[in-house]
Amino acid sequence: MTIHDGVTSTSDLLESGVARYTIETRCRPGGPWRRLLPGVLLLSPGEPTRRQRLRAALVYAGPRAVITGIDALHGQGLPGLPLPPRVHVLQQPDQRLNNHDFLLLERTTRRPQVVLNTDLPLATPTRATLDAARREQHPLRLHQLLAAVLRAGLCTAPDLLTELDAGSKRGAAAPRAALRALTSV
């Protein structure tokens, strides 16, 4: 049975001999366990930590899933950025899993190189930055995100522009304009 950060799957529990009735009983309101996502359990009753949410997202999305966006940047040395309400995870293009309250799933045909940091698969800083930037609606926060990443030296403006050219064009106009403004100063 695989348990990391107090998070496991229902199927792992069943395979290791825990009865379905026991799982259901323990996940009832007031019980010692809690369902975080379909088929994903927290083996404690309290609110999950951010790390437990990250772990649950990975268990739910499968072994090829990759954490991206602000959470990936936090894991690679940029903790000052405010965390969004949802964990952003990249999944395989053929998967049809649904988003949930704290989980934002995005299908991609361009799986990024994975950086393993504290045993969580994270997108590279360049990809994570642009995945977050494409979803940022507020121009000032977008500017702050890009400036923070460049200032920290996690990647360069040419790296970001190359990734913008290679990736999806959806949501790329605002990050491209913000990068131009940052680099022309």
Side-chain angles (χ1 to χ4, degrees), residues 4-7 36-37 40 42 46-61 64-91 97-108 110-185:
H4 294 287
D5 302 314
V7 175
L36 296 179
L37 294 165
V40 182
L42 175 63
E47 282 296 313
T49 64
R50 188 68 177 201
R51 182 162 173 90
Q52 288 169 327
R53 288 175 191 245
L54 292 169
R55 181 67 65 190
L58 292 172
V59 170
Y60 178 69
R64 303 262 308 144
V66 179
I67 296 166
T68 192
I70 303 298
D71 284 293
L73 293 171
H74 270 238
Q76 295 177 72
L78 199 59
L81 297 172
L83 288 169
R86 293 165 51 168
V87 172
H88 191 171
V89 174
L90 301 173
Q91 65 177 330
L97 299 172
N98 295 321
N99 292 325
H100 289 274
D101 61 342
F102 70 85
L103 175 60
L104 170 64
L105 287 168
E106 181 179 343
R107 287 190 305 273
T108 183
R110 294 184 58 250
R111 185 176 191 264
Q113 284 189 324
V114 173
V115 176
L116 281 178
N117 191 336
T118 62
D119 79 338
L120 296 173
L122 307 174
T124 61
T126 303
R127 176 66 181 267
T129 299
L130 292 175
D131 285 341
R134 283 186 176 105
R135 295 190 173 276
E136 181 55 67
Q137 300 295 312
H138 194 275
L140 180 59
R141 286 193 302 262
L142 174 60
H143 180 86
Q144 290 170 336
L145 164 67
L146 295 172
V149 170
L150 293 173
R151 204 173 26 255
L154 290 179
C155 53
T156 66
D159 293 340
L160 292 170
L161 289 168
T162 300
E163 178 66 26
L164 270 174
D165 290 339
S168 171
K169 304 307 178 230
R170 185 177 26 172
R176 189 178 305 282
L179 277 169
R180 271 195 231 114
L182 279 167
T183 57
S184 67
V185 174

Minimal heavy-atom distance between H100 and N98, with the atoms involved, is CD2-O, 3.1 Å
Would you say H138's side chain and L140's backbone share a donor-acceptor pair under 3.5 angstrom? yes
With sequence neighbours excluded, what pairs up with R176 under the salt bridge (Lys or Arg N to Asp or Glu O under 4.0 Å) test? D165
Starting at CZ of R134, measure out to CG of L164 and round the result to the nearest 0.5 Å. 5.5 Å
Does H4 form a side-chain contact (heavy atoms from CB on, under 4.5 Å) with V59? I'd like the steps, not just the answer. CA-CA 10 Å; H4 294 287; V59 170; over 6 Å; no
If I compare all heavy atoms of I67 with all of A72, which pair ends up nearest, and what's the gap? O-CB, 3.5 Å
Taking side chain as C-beta onward, heavy atoms only, is H88 less than 4.5 Å from R135? yes
Looking at every non-hydrogen atom in both residues, tell me the closest pair between A65 and P121 and how far apart they are. O-CG, 3.5 Å
Would a 4.5 Å heavy-atom cut-off, applied to side chains only, mark V66 and T108 as touching? no
Can you tell if the side chain of E163 reaches within under 4.5 Å of the side chain of R127, non-hydrogen atoms only? yes
Pairwise distance CG(L54) to NE2(H74) - rounded to 0.5 angstrom: 10.5 Å
Check for a donor-acceptor pair, side chain of Q52 on one end and backbone N or O of D5 on the other, with a separation under 3.5 Å. yes
Would you check if the side chain of H143 reaches a backbone N or O of A178 as a donor-acceptor pair within less than 3.5 Å? no
To the nearest 0.5 Å, how far apart are OH in Y60 and CG in L36? 12.5 Å
Between atom CD1 of I70 and atom CG of L81, what is the distance when rounded to the nearest 0.5 Å? 4.5 Å
Which heavy atom in T129 sits nearest to a heavy atom in P125, and how many Å separate them? OG1-O, 2.6 Å
Can you measure from CG (L161) to OG1 (T183) and round to the nearest 0.5 angstrom? 7.0 Å
Should T126 and L160 count as side-chain neighbours, where that means a heavy-atom distance under 4.5 Å? yes
Side chains of R110 and L90: does their closest heavy-atom pair fall under 4.5 Å? no
Starting at CD of E136, measure out to CG of L145 and round the result to the nearest 0.5 Å. 7.5 Å
In terms of heavy-atom contacts, D71 and V87 come closest through OD2-CA, 3.9 Å
Please tell me if the side chains of R55 and D119 come closer than 4.5 Å, counting only heavy atoms from C-beta onward. yes
Closest heavy-atom contact between A56 and L37? O-CD1, 3.5 Å
